[in-house]
Every structure is written in structure tokens, then in C-alpha cells.
Amino acid sequence: MRLILLGPPGAGKGTQCKRIIDKYHIAHLSSGDILRAERAAGSDLGKKAQGYMDSGALVPDNLIIDMMVKAMTGASQGYVLDGFPRTTVQAEGLDKALAKAGEKINAIVNLIVDDALILPRMTGRRSCPKCGAVYHILTLKPKVEGKCDKGCGDLVQRADDTPEVVGNRLKTYHQQTAAVVGYYKSKGAVILDIDAAQEIDQVTKAVFQKLDNLNK
Ligand code: AP5
């Protein structure tokens with residue numbers, strides 16, 4: 001199965017992806033996680049991406065398309081794309097790569113949530129830099145405060161989760177990314193709209209129901 005998960009920052013893409021990969025045994029290809037790993041490794045790509053990410057702007061399309069196509073190539077068991085594509089240029093780049101590989105996306109999971117819910121989700125988020133697990137200080141607490149449940153060590157707060165940068169990321173989403181849903185609609189893709197304002201488990205239930213129905 002090959003999926004795309006769309007939604008604004010803080011919609012719960014990473015949270016739901018972890019559950020999707022556990023159930024369907026596919027790879028989680030998160031453009032944000034890959035960029036953060038590149039930054040941590042001090043690679044050229046990581047250095048180029050840094051300024052964009054810290055301000056809440058998008059990293060240039062050509063860098064992202066190359067990075068994600070490379071990641072997809074290694075995922076023969078299928079994948080869920082998280083955070084990519086984020087512009088119509090990236091969506092076109094993805095289409096080209098899929099056509100070249102003779103593959104197609106089975107469905108697009110579109111997480112819908114109002115901007116007003118986003119800020120408290122982001123400022124309370126804590127993530128594991130090693131395994132990528134995502135927590136929240138109020139709504140999804142780890143078993144031991146500040147520590148990953150999987151024994152990886154300390155949780156961190158992302159540098160781009162400050163109110164100012166979250167505001168920029170939301171602006172970027174509305175200006176550049178929201179149009180990606182329209183792009184896929186115009187292509188007649190299977191789009192699964194999900195109310196992502198519900199509690200995390202309810203969102204998961206709705207996602208699983210729709211994905212299970214795909215295979216019937
Ligand atoms: P990226 O890492 O992709 O960030 P994002 O899209 O802004 O999304 P987030 O990871 O912040 O949120 P999420 O939807 O995964 O929410 P989560 O599940 O963690 O990108 C970061 C930066 O990298 C970008 O700004 C850009 O610079 C660059 N970049 C990445 N991809 C790019 C691309 N394709 N092109 C160009 N640049 C790119 O949940 C958030 C919190 O909410 C958690 O604490 C969670 O517990 C909580 N939560 C989740 N669901 C619920 C719920 N239903 N109810 C209550 N709380 C919830």
C-alpha cells in the first residue's frame with residue numbers, strides 16, 4: 001500500500017503515521033524527520049534546509065523531491081508519505097517519479113483540523129529524537145515525564161514549535177500546501193477526508209476504517 005498523509009502542521013500526521021505503519025507494515029517516510037536527521041548529521045542538505053525550517057518556510061522543491069524519491073526507492077513494502085508533497089510542484093515531481101517506477105498512490109488521507117486547535121498541540125508536543133515517537137505534555141503523556149516510552153532517552157521540544165514559528169508554518173500551509181488537496185482532486189485521486197479535531201484514538205479509528213474499506 002502506498003499512501004500520502006496531508007494536513008496542516010499539528011494535524012496529527014506523525015502521530016497517525018506511527019499507528020498506520022504498525023497496522024499495515026509499511027514504511028513511514030516523513031520529509032520533516034528526514035530533514036531533521038540530515039541536520040543532526042551536519043550534511044550539506046541539512047545545512048541548506050536549516051534556515052528555512054527554523055523560520056517556518058518551505059525548503060526548496062528540488063531538494064525535497066530528490067530526497068523523497070530516494071527514500072521511496074528503498075521502501076519496496078509500501079509507504080506512507082508524511083509532509084510530502086507540500087506544493088503542487090512537489091506533487092508533479094512525485095507523479096513523475098511514480099510513473100517512471102510504474103507505481104501509484106492508493107489513497108490520500110486528508111486530516112482536517114481548524115487552525116484554532118493547532119497552537120496548543122504544537123507548544124505541548126515533545127518528541128523522541130531517536131525513534132520519532134510523539135507525545136504531548138497534557139494529552140499524550142509518556143509513562144515517565146520527559147522520557148521516551150521505548151527506552152530511547154530524553155524527549156525534546158522542537159525548535160520550530162514556538163508560537164511565532166507555528167504562526168509562520170500555518171501561513172505557509174495556507175499559502176502553499178492547502179492547494180495540494182485540490183491538485184489531487186483534479187486528478188481524480190482517492191481522497192479520504194478525516195475529521196482530525198477528534199481525540200487521537202477516534203482519528204485513528206476513522207483512518208483505519210477508511211483504509212480497510214479500500215481493500216474490500
Ligand atoms: P514537518 O516535520 O513535516 O512538520 P509539520 O508538517 O509542520 O507537521 P508536524 O510534524 O509539526 O505536525 P504533525 O501533523 O505531524 O503533528 P503530530 O502528530 O506531531 O516539517 C517541519 C519543517 O520541515 C517545515 O516547516 C519545512 O521547513 C520543512 N519541510 C518538511 N517537509 C517539507 C516539504 N515537503 N517541502 C518543503 N519543506 C519541508 O502532533 C502534534 C501534537 O499534537 C503532538 O503533541 C500530538 O500528541 C498532538 N496531537 C496529535 N493529534 C491530536 C489530536 N487528534 N488531538 C489532540 N492532540 C493531538
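Counting starts at 1 for both ligands and their atoms, following the listed order.
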Nearest-neighbour protein heavy atom for [atom], which is reported as residue plus atom name and distance:
| atom | result |
| --- | --- |
| atom 33 (C) of ligand 1 | R86 CD, 3.3 Å |
| atom 28 (C) of ligand 1 | L35 CD1, 3.6 Å |
| atom 9 (P) of ligand 1 | R125 NH1, 3.3 Å |
| atom 37 (N) of ligand 1 | V59 N, 3.0 Å |

Could you list the atoms of ligand 1 found under 4.0 angstrom from a heavy atom of [X]?
| X | answer |
| --- | --- |
| G14 | 13 (P), 15 (O), 18 (O) |
| T15 | 17 (P), 18 (O), 39 (O), 45 (C), 49 (C) |
| Q90 | 33 (C), 34 (N), 35 (N), 36 (C) |
| S31 | 30 (C), 31 (N), 32 (C), 34 (N) |
| Y135 | 43 (C), 44 (O), 46 (O) |
| A196 | 53 (N) |
| M53 | 23 (O), 27 (O), 28 (C) |
| G83 | 31 (N), 32 (C), 33 (C), 34 (N) |

Would a distance-only check, ignoring hydrogens and angles, find a side-chain to backbone donor-acceptor pair under 3.5 Å from [X] to [Y]?
| X | Y | answer |
| --- | --- | --- |
| K13 | G7 | yes |
| N168 | S55 | yes |
| N106 | R2 | yes |
| R169 | D160 | yes |

Ionic contact status for R19 with D201, cut-off 4.0 Å
yes
Lys/Arg-Asp/Glu bridge criterion (N-O < 4.0 Å) met for D212, K23
yes
Evaluate the criterion side-chain contact (heavy atoms from CB on, under 4.5 Å) for residue pair M67 and L35; output intermediate values, then yes/no.
CA-CA 9 Å; M67 177 185 92; L35 287 168; 3.6 Å; yes
Minimum heavy-atom distance Y135-L140, with the two atoms named
CB-O, 3.2 Å
Within the structure, is a non-hydrogen atom of M122 found at a distance of less than 4.0 Å from ligand 1?
yes
Working note: H28 + D33, criterion side chain to side chain donor-acceptor pair (under 3.5 Å); need CA distance, chi angles, decisive distance, verdict.
CA-CA 10 Å; H28 179 196; D33 285 350; 4.7 Å; no
